[in-house]
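Letters A, B, ... are given to chains in the order of the sequence lines, protein chains preceding strands, and every chain is numbered from 1. These numbers come from a predicted model, not from an experiment.
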Amino acid sequence: MNEWRQKNPLEWNKYVNKEVRVTASDKQQHQGWVYTVDPVSASVVLVDFQSTRKASVAVVMGHAVGEVEVLRDGDEAMAERLSAVFVPGGRQVLSQ
Amino acid sequence: TISAFSESGTDSCSLRDEQRTRSVLRERYLRSLIAMSQKQVWFNMHERVRVEAKFGASDIDVLNFQVSDLQTPLGIQKEALIRCPDVISYSFEL
Amino acid sequence: VSWSGAVPPSERPGERRGAEMKKLYGEEAAKIQGMETAMQLTFDRNCDRKQPKYWPVIPLKL
């Protein structure tokens, strides 16, 4: 069990809406904005907005998460953009 | 499986905070899985194995991914289950 | 409610899972459980219908 999986939801939540670089156990690095960390598997969901319309998503499985480096904080606009990314139609607001 | 539950917060307010946060994080993850269905997904697995498949569904404990048209190094497997512990990362486009 | 099963009511797995969900997710437990159930149903239905086989046959990581 790695250190990342031991964290509690409040700790994982600190990474949400931030741009991070995750080093996975195969040494591959993934960069993107954290949409969520699954509290069951500790997997990190990263979104990378390359163009205005498309987004690519990379998920590092919790058991394979090595170093997580925070690159920058997201602003309100980024938080909103992220919260809409997996919602059909992109308009709905997630319930809190 | 669900294990890391901090009992340290005897204060019911911080417990509620933790529950609410866990709910938002989990709901978001489930949404990402739903968004992935019928999409082409690339899997980076242990032993430098890289495969591509059309995603179907995951079980709730995130132990198995059900996929179709899995492109293995030895050809296409029409229907397959991928063990999540074999997977290091996966990616897809929205 | 009559109870005829071999398992005493206090140990019904569904109920235990409900209690665990409540402890983890609090007021949102029903909503999360609903989403999870839908996801698991899709998984089970697809597995029934498509009969997928594990790939690779032997786990890469034990």
Side-chain angles (χ1 to χ4, degrees), chain A residues 1 3-17 22-30 32 34-51 53-66 82-88 90 92 94-96, chain B residues 1-9 11 13-50 55 58-65 82-94:
Chain A
M1 178 84 56
E3 204 184 309
W4 179 256
R5 280 166 95 180
Q6 311 271 11
K7 291 188 187 294
N8 73 42
L10 296 174
E11 293 176 289
W12 286 319
N13 196 48
K14 288 180 190 153
Y15 294 87
V16 172
N17 299 329
V22 180
T23 307
S25 58
D26 59 357
K27 305 291 175 227
Q28 259 202 67
Q29 294 192 319
H30 303 268
V34 178
Y35 172 70
T36 192
V37 179
D38 176 33
V40 174
S41 63
S43 300
V44 189
V45 180
L46 301 171
V47 181
D48 184 15
F49 300 100
Q50 293 140 326
S51 68
R53 291 197 52 203
K54 260 197 173 177
S56 58
V57 182
V59 181
V60 182
M61 304 296 290
H63 64 82
V65 172
L82 278 168
S83 75
V85 87
F86 291 110
V87 179
Q92 226 170 301
L94 284 176
S95 60
Q96 287 296 306
Chain B
T1 53
I2 300 158
S3 56
F5 184 77
S6 79
E7 292 280 9
S8 55
D11 161 24
C13 188
S14 72
L15 172 64
R16 257 203 302 271
D17 262 6
E18 188 170 320
Q19 288 172 333
R20 204 168 295 144
T21 303
R22 182 183 280 109
S23 302
V24 173
L25 294 174
R26 181 63 171 162
E27 179 178 342
R28 282 184 165 216
Y29 186 67
L30 293 170
R31 280 189 192 282
S32 78
L33 287 175
I34 293 165
M36 202 159 62
S37 80
Q38 303 310 307
K39 288 215 162 63
Q40 202 63 18
V41 178
W42 290 263
F43 296 92
N44 281 314
M45 302 169 73
H46 285 288
E47 314 300 334
R48 296 169 177 273
V49 174
R50 295 198 66 172
F55 189 79
S58 165
D59 57 10
I60 57 170
D61 296 319
V62 202
L63 295 173
N64 299 287
F65 289 149
I82 291 177
R83 297 175 190 86
C84 296
D86 281 351
V87 178
I88 292 171
S89 64
Y90 59 88
S91 58
F92 61 101
E93 307 241 300
L94 282 170

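Taking 4.5 Å as the heavy-atom cut-off, the residues of residues 34-41 of chain B that approach chain A are B:A35, ordered by number.
Cation-pi contact between B:R28 and A:Y35: present, with separation from the ring centre below 6.0 Å and deviation from the ring axis of at most 45°.
For the side-chain contact (heavy atoms from CB on, under 4.5 Å) test, residues two or more places apart in sequence or in another chain that qualify with A:N13 are A:V16, B:T21, B:L25. In terms of the salt bridge (charged side-chain N to carboxylate O under 4.0 Å, His left out) criterion, A:E11 has no residue partners (sequence neighbours excluded). In terms of the salt bridge (charged side-chain N to carboxylate O under 4.0 Å, His left out) criterion, residue partners of A:D38 (sequence neighbours excluded) are, by chain and number, B:R26.
If you tally non-hydrogen atom pairs under 4.5 Å between each of A:V57, A:V37, A:V60 and chain B, the highest count goes to A:V57.
Under the 30°/60° scheme for interplanar angles, the aromatic rings of B:F65 and B:F43 are found to be tilted. Aromatic ring pairs are classed by plane angle as parallel below 30°, tilted from 30° to 60° and perpendicular above 60°; the pair A:Y15 and A:W4 is perpendicular.
In plain terms, the two heavy atoms of B:S91 and A:A58 that are nearest each other are CB-CA, 4.0 Å.
Only the side chain of A:V45 comes within contact range of chain B, judged by heavy atoms closer than 4.5 Å.
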